[in-house]
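Accompanying notes for the structure given below.
All of these numbers come straight from a predicted model, not from anything done at the bench.
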Amino acid sequence: MFEFFHRRPYLIYSTIVAVFFIGIYGLVSMPKNLFPDVERPTVIIVTKMPGATAQVVTNVVSKPIEEEVARLALIRDISSINMANFSIVKAEFEYDKGLNAAAVDVSNALSIVKGRLPKNAAPSVYTTGAFTLPVDVITLTPKIKELSLSEVRKIADSFIKPYLLSNPAIGNVEVFGGYKSAINIYIDPIKAAQYHVSLDKLTQTISAINKDIPLGFTKGKEGFFTLSFYGEKNQMAKLKALPIKPNLHLGDIARVEWGHEKRFSGYIGNGKEGIALAIQRAPGGSVLDVSNTARAEIEKLEKQYSNIDFQISDTQHDLIQTSNDNMLEALRDAIIYTLIVLMFFLGNFRAVVAVGLSIPAVFFGTISVILLFGGELNIVVYTAIILSLGLLIDDAVVIIENIERHISKLGEKPDDAVIKGTKEVLLPDFAGTLSTTMILFPLMFVGGFPQHIFRPLISTLLIALMISYLLSVTFIPHIARFLYRNGVTEKNRVEKFFEKFYTNTVGRLILPYVSILKFSNGKRSFLRKFILIAGILVMLGLSVKNIMPIIGRDVMPPMDTGIVKIHLKFSSNATVEEATKDLQPFLKWLQKQKEVKMSSVAFGSEAGVLSLGSGNLPSEATITINYVNRFKRKKSIWEIEEELRNKLHELKGLKSVDVFDFGATALSSIKAPLDIRLRSNDYKNLPQMADKVSRQIADIQGLTSISTSWKNDFSEVNVAVDVNKALSYGLTPMGIASQLPLKGQIVSVEGSLSSMSTQNVRVYLDGNFSQNIESLKMFPLHTKKGEIPLSAVAKIGHQLTEAKIERNKMLYSIDVGAYRSTRPVSQITADANKRLSKLNTSGYELLQEGDIVEINDSMHRILKAIAIGVVLDTLLMIVIFRSVSLAMMMIFILPLTMIGASWGMLLFGKPSSMPSMVGLLLLFGIVINNSIIVADFYRKYRQKEAPFESAMESIRIRFRPVMMTTFGTIAGMIPIALEQAVGLERLSPLADVAIGGMIIGSFLTLVYLPMFAYGFDRKK
């Protein structure tokens, strides 16, 4: 390869120029997100069942669906949330399933189970994942008093949503906030009784008459014609005139209004009640691109709808834009730090120029390859590019130094020195690249969460490594030929300054290293070696044993994105209007906070809307608050959370509140960092048991809030029908229920309004009959014997029941969720287990379903990847050096670097986590790379010198290259370790481990490897 490209310089330069242009295009055009999409394929089935209680919904809807879906292949988890009026069944699959295949399988399962569902059940299938989270939430509010929120909702549903969806760049738009348009018929039961109109017959009559019916078709000599009966009344006057009985019209016994359905949801954006537009991207889409497109369209809509105010109340745009900008700045800083370190160690402008030119080539080359394979840019990809800086320095510097040695010490001409100097180090250069590849490669195929979150990092690192190697054997020799065209000239003042600075500082450390090696070869050398080996092993044991329990374990460390999430609950019987009013004092205070950019509050749920409020009761709210990024404020996100928590507890009627940071759990499917799940065949006593669990863990250090997922505290009005009395009047319980239109039954659908979306026609009771019990008791029932009050055949009273019922894996379940600030999940979970062991939980399954499940699974997978990588690297070293003993010596050093790694995590205050384990893999790759440099020199020098002298010389000659690679890589990692980008807290342990480990690793490579090499050398 070297000779081929060496003879074709124009091919090299043309390729590099082309790569630059492709890379720049990719940098601008590629999708940009915060992290890769790592959610498992999840499908949600939402089934509407008006008027049904949570218990009824569970039994007749959720259970049959769960049983059918549970039979599907690669199903990982199945759960359901059951509330009055609808059921939400969630099916989570293994990664291997794929989202589209999962959706198809669930749809097929649903078609099978439909026959077992009630006739009025209306199930719908939705896919969900990271793409469900809104890119932007736009709040629509009226600017003028004449425009109501109900009318704004009509405009949003009928005009704005279809307009936005017509843009192919926008994946989906969800409208939320209540006030859903409907034609409401408010029946006066007193008037109906006067005209002897049974309310069940009335609803049937409206449904039958106010409907378009296809009658069939005719076909004859005159042609083909369809026959239809058009019965829909698309004007209020016509609907009021709808005949109910001879000489009796609907308007005589009911009010007909075009308004909105009864509200079970609401939305407040930036302190104003409004209608929310949730803009979503398609799976795999770019947050920034979709956001920019939507905002451009919103600007056009603002001109068209001048009486509606459009405001952004929630967004991912700012977070991702800031993070991307920060990462580019961090990359810039890493390059500067690395070049300074390079100048410090070499005192050679030529080498700095060569590396300085190769860095952008590697960067844009890596971006080009990612673009060609359809990848995206995110914080993980940028981190990988920064990490590769130290490794690519090594490739380029080894070539440059060897060429310079051939010119200055061997007296060769520049052209000859370039060829011979490059060829001489091709093998160790390639071996170093290949060994790092071997150690990292297995992580791409370990499966589960680690594979999907870190595959972009590993693949980007490997791409950068290969491009770096290719440039070092093609581009660098040509640059060197140009830089050394006049031979090796005398160093200038600046170069001499750096050389002297190195000699008087780090260069002096070579003496202690040499002294330790001499100590190992003194009298009773075996005992001396034993002392050195035992000492380092004891240090390893003490470091791991004492430090690891202190730092704890997490899946991913907490991060300060500037986004706070709040989930709060008022009384289960509170209406949306009441809950909104109770929250107002907090919202007024919030809007006065200078560091708050925007806020979003979603009350309740709407069927089919997954991005806002999904699964919430009308009295429950999900709040999202966007603050300025952490570089522009004094308080950390955890200090802000504590302030918010204290302020919220001042609200009257508040039952529970959870305040936590965005991304508090590794995956959105994990409900809370500490999630204790109770399961049972019977749901009745689950809330009481959950309360006991809550009290048991209440005093655990580091927990900020504890809440249960549901309770049996909903006050229900129970109509207990006396069946004997009812039958005496010719009534049945079902007959009585059909005469009580309290659930807003849909009796017809208006679809003739060409400019509007389809409008539901709903029937309600007029007056106080649907508002208080005493009036309901007097409700006139139509019987064969005349009208009688409801109280004549039924007792009406209050009872506590469940507003929400949850299930998991075919059993009833309840979750006790707890949030934390920054204390590691492993420590919190261990404390919880100790306390729960004292609690009698017989008759219940008690499971830990928080982050600890993903921690254990991920750590197991990464450890397996490390083991496979080490085995592959060992085999590679045996092949390269043709020596099993030398290969084993190099591998023996790897676990010893855990000393520095553990201290690095402790000093930086980071827990052991997935990024730290990946940092360990990277550390092993760097240490092996340095070991190859030392071992290769020892092997070559050994051909003419004794073992100990060869070991001494390998320290003297390879001290500078090993230290330069170590500190050059550390310099590149400084922006990551210092968390110079928003969201980088997630990955900083990777750098913390590598930095600590490399400092120890350089010592081990330069002392213990030479000691082992001469000690086990049989050819003495």
* Asked: Can you tell if the side chain of Met973 reaches within under 4.5 Å of the side chain of Met998, non-hydrogen atoms only?
  -> yes

* Residue pair Lys944, Tyr941: steps toward the side chain to side chain contact (heavy atoms under 4.5 Å, CB included) verdict -> CA-CA 6 Å; Lys944 55 184 178 181; Tyr941 207 79; 3.9 Å; yes

* Ionic contact status for Arg956 with Glu953, cut-off 4.0 Å -> yes

* Establish, from distance only, whether the side-chain atoms of Ser988 and Glu979 form a donor-acceptor pair under 3.5 Å. => yes

* To do: Evaluate the side chain to side chain contact (heavy atoms under 4.5 Å, CB included) criterion for residues Ile407 and Val418: first the C-alpha distance (whole Å), next the side-chain angles of each, then the deciding distance (0.1 Å), finally the verdict.
  => CA-CA 9 Å; Ile407 295 173; Val418 166; 6.0 Å; no

* Would you call Met444 and Phe454 a side-chain contact if the rule is heavy atoms closer than 4.5 Å? -> no

* Answer yes or no: is there a donor N or O on one side and an acceptor on the other, between the side chain of Thr422 and the main chain of Ile419, under 3.5 Å? => no

* How are the rings of Phe20 and Phe364 set relative to one another: parallel (under 30°), tilted (30 to 60°) or perpendicular (over 60°)? -> tilted

* Pairwise side-chain contact, Val870 with Ile866, heavy-atom cut-off 4.5 Å (strictly under) -> yes

* Report the residue from Phe498, Phe497, Phe501 that forms a ring pair (Phe, Tyr, Trp, His ring centres under 6.0 Å) with Phe344. => Phe501

* Structure fact -> Between the OG atom in Ser515 and the CD1 atom in Ile510, the distance rounded to the nearest 0.5 Å is 10.5 Å

* **Nearest heavy-atom neighbours spanning Ile400 and Ala354** => CD1-CB, 3.8 Å

* Inter-residue atom distance Leu517.CG - Leu1006.CG, 0.5 Å rounding -> 10.5 Å

* Is the closest side-chain heavy-atom distance between Lys910 and Ile551 below 4.5 Å? -> no

* Identify the heavy atoms of Pro477 and Ser472 that sit nearest to each other, and give their distance. => CD-O, 3.3 Å

* Asked: Quick one: are Ile878 and Ser883 in side-chain contact, heavy atoms under 4.5 Å?
  -> no

* To do: Assign the ring pair His478 / Tyr13 to parallel, tilted or perpendicular, where the plane angle (0 to 90°) is split at 30° and 60°.
  => perpendicular

* Structure fact -> The reported gap from CG in Leu872 to CG in Leu440 (rounded to nearest 0.5 angstrom) is 11.5 Å

* Structure fact -> Distance col, row Ile476:CD1 vs Leu483:CG, nearest 0.5 angstrom, shows 9.0 Å

* Structure fact -> For Val934 and Pro1010, the nearest pair of non-hydrogen atoms, with its separation, is CG1-CG, 4.2 Å

* Check whether any side-chain N or O of Ser543 sits under 3.5 Å from a backbone N or O of Ser902 as a donor-acceptor pair, and report yes or no. => no

* Ignoring hydrogens and angles, tell me if any N or O in the side chain of Arg508 forms a donor-acceptor pair with the backbone of Asn504 under 3.5 Å. => yes

* Once you round to the nearest 0.5 Å, how far does OG1 of Thr1005 lie from CD1 of Ile955? -> 11.0 Å

* Stepwise side chain to side chain contact (heavy atoms under 4.5 Å, CB included) check, Val446 with Ile862 -> CA-CA 7 Å; Val446 293; Ile862 295 177; 5.5 Å; no

* Residue pair Thr436 / Ile926, side-chain heavy-atom distance below 4.5 Å -> no

* To do: Could you tell me the separation between the CD1 atom of Ile880 and the CG atom of Leu876, rounded to the nearest 0.5 Å?
  => 4.0 Å

* **Student check: side-chain heavy atoms of Asp1017 and Tyr938 closer than 4.5 Å** => yes

* Donor-acceptor under 3.5 Å (Arg553 side chain, Ser913 main chain) -> no

* Structure fact -> Nearest heavy-atom contact between Thr383 and Leu984 is OG1-CD1, 3.6 Å

* Asked: Sub-3.5 Å donor-acceptor pair from the side chain of Asp873 to the main-chain atoms of Gly869, do we have one?
  -> no

* Lys NZ or Arg CZ of Arg455 over Phe445 ring: under 6.0 Å, within 45° -> yes

* To do: Please check if atom NZ in Lys518 has more than 12 non-hydrogen atoms from other residues, nucleotides or ligands closer than 6.0 Å.
  => no

* Asked: Of Val362, Thr460, Leu457, which meets side-chain contact (heavy atoms from CB on, under 4.5 Å) against Ile385?
  -> Thr460

* Asked: Where do Met877 and Ser435 come nearest, in terms of heavy atoms and distance?
  -> CE-CB, 3.7 Å

* Donor-acceptor under 3.5 Å (Arg481 side chain, Asp415 main chain) -> no

* May I ask you to decide whether Asp936 forms a salt bridge with Arg939, counting only side-chain N to carboxylate O separations under 4.0 Å? => yes

* Look only at the side chain of Thr965 and the backbone of Pro961, and say whether a donor-acceptor pair between them is shorter than 3.5 Å. => yes

* Quick check: does any side chain N or O of Arg528 sit under 3.5 Å from a backbone N or O of Lys523, one acting as donor and the other as acceptor? -> yes

* Asked: Do Pro450 and Met914 come within less than 4.5 Å of each other through their side chains, counting heavy atoms only?
  -> yes

* To do: Begin from the C-alpha positions of Ile536 and Tyr1008 and carry the test side chain to side chain contact (heavy atoms under 4.5 Å, CB included) through to its verdict.
  => CA-CA 10 Å; Ile536 201 73; Tyr1008 281 78; 3.6 Å; yes

* Sidechain-backbone polar pair: Asn492 side chain, Glu495 backbone, donor-acceptor under 3.5 Å -> yes

* Do you know which two heavy atoms are closest between Ala977 and Asp992, and how far apart they sit? -> CB-OD1, 3.7 Å

* Side-chain (Lys491) to main-chain (Lys496) donor-acceptor, under 3.5 angstrom -> no

